[in-house]
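Contents: one structure, followed by commentary.
Just the heavy atoms: all of them, side chains too, but no hydrogens, waters or symmetry mates, feed the values below.
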Amino acid sequence: MRIEEQRERGVLVLAVMESRLDARVAPEFTRQVGAAVERGARVIALDLSRVEFVDSRGLRALILLFKQIGRSGYLSMAGTRKPVFDLFRMTKLDRSFALFPTAAIAVAAMNR
């Protein structure tokens with residue numbers, strides 16, 4: 001699992017460099033992103049623009065991240081492709097996750 005980290009105006013942008021967030025990569029995703037939160041990251045934009053598929057384990061990993069950040073931080077999802085966006089909408093997670101079309105727009109919104 002490859003995740004690229006970049007700081008932009010106080011926001012940690014984590015770009016998932018995989019096409020799938022599934023049972024095979026979810027544990028490593030959770031470990032890597034959880035480590036960023038443990039290092040103090042509280043404002044995170046998760047760039048999912050390369051992710052084409054999320055299964056139940058991937059969805060669980062995203063929910064765990066959302067809970068780990070909690071009320072002390074802010075998590076947004078950026079660049080979700082239609083299948084992933086449809087999954088968020090079907091599971092009603094679009095009501096919990098802040099969704100933005102791009103990471104740049106997410107960063108701008110998180111800096112208001």
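For the pair Arg57 and Pro27, the minimum side-chain heavy-atom distance is below 4.5 Å. Side chains of Met110 and Arg9 form no contact here, defined as non-hydrogen atoms less than 4.5 Å apart. Thr80 places none of its side-chain heavy atoms less than 4.5 Å from the side chain of Leu87. Between Val54 and Arg20 the shortest side-chain heavy-atom distance does not fall below 4.5 Å. No side-chain heavy atom of Leu93 sits under 4.5 Å from any side-chain heavy atom of Met77.
Phe100 and Leu48 fall into different hydrophobic clusters, where Ile, Leu, Val, Met, Phe, Trp and Tyr are joined by side-chain heavy atoms under 4.5 Å apart, directly or via other members. Linking ILVMFWY residues whenever their side-chain heavy atoms come closer than 4.5 Å, directly or via other members, leaves Leu64 and Val33 in distinct clusters. If you chain together hydrophobic residues whose side chains sit under 4.5 Å apart, Val107 and Val16 never meet in one group. Linking Ile, Leu, Val, Met, Phe, Trp and Tyr residues whenever their side-chain heavy atoms come within less than 4.5 Å places Leu12 and Met1 in a single cluster. Grouping the Ile, Leu, Val, Met, Phe, Trp and Tyr side chains by contacts below 4.5 angstrom, directly or via other members, places Ile44 apart from Tyr74.
Nearest heavy-atom pair, Ala36 versus Glu5, reported as atom, atom and distance to 0.1 Å: CB-OE2, 4.5 Å. Here the closest heavy-atom approach between residue Ala45 and residue Ala106 is recorded as CB-CB, 4.1 Å. Considering all non-hydrogen atoms of both residues, Ile69 and Arg42 come closest at CG2-O, 3.8 Å. Gly10 and Val43 make their closest contact through O-CB, 4.0 Å (heavy atoms, listed as atom of the first residue, atom of the second, distance).
A salt bridge is absent between Arg50 and Glu4: the closest approach of a Lys/Arg side-chain nitrogen to an acidic carboxylate oxygen does not fall below 4.0 angstrom.
Glu8 and Gln6 are linked by a side-chain donor-acceptor pair at a separation below 3.5 angstrom, with hydrogens and angles left out of the test.
Atom CD of Gln32 and atom CG of Leu65 lie 12.5 Å apart (nearest 0.5 Å). The distance from atom CZ of Phe97 to atom CG of Leu46, rounded to the nearest 0.5 Å, is 9.0 Å. Here Ile63 contributes atom CD1 and Thr91 contributes atom OG1; the two are 7.0 Å apart, rounded to the nearest 0.5 Å. Rounding to the nearest 0.5 angstrom, the gap separating the CG atom in Asp47 from the CE atom in Met17 is 8.0 Å. Distance CG/Asp94 to CG/Asp86: 10.0 Å, rounded to 0.5 Å. If you take CD1 on Ile3 and CD on Glu28, they are separated by 7.5 Å, rounding to the nearest 0.5 Å.
No option in Asp22, Leu14, Leu21 other than Leu21 meets the side chain to side chain contact (heavy atoms under 4.5 Å, CB included) test with Phe29.
Enclosure of atom CZ in Arg89 by more than 12 non-hydrogen atoms of other residues, nucleotides or ligands within 6.0 angstrom is indicated.
Listed for the Glu18 side chain is a donor-acceptor partner under 3.5 Å among the backbone atoms of Arg2. Without hydrogens or angle criteria, Asp55 side chain to Ala23 main chain gives a donor-acceptor distance under 3.5 Å.
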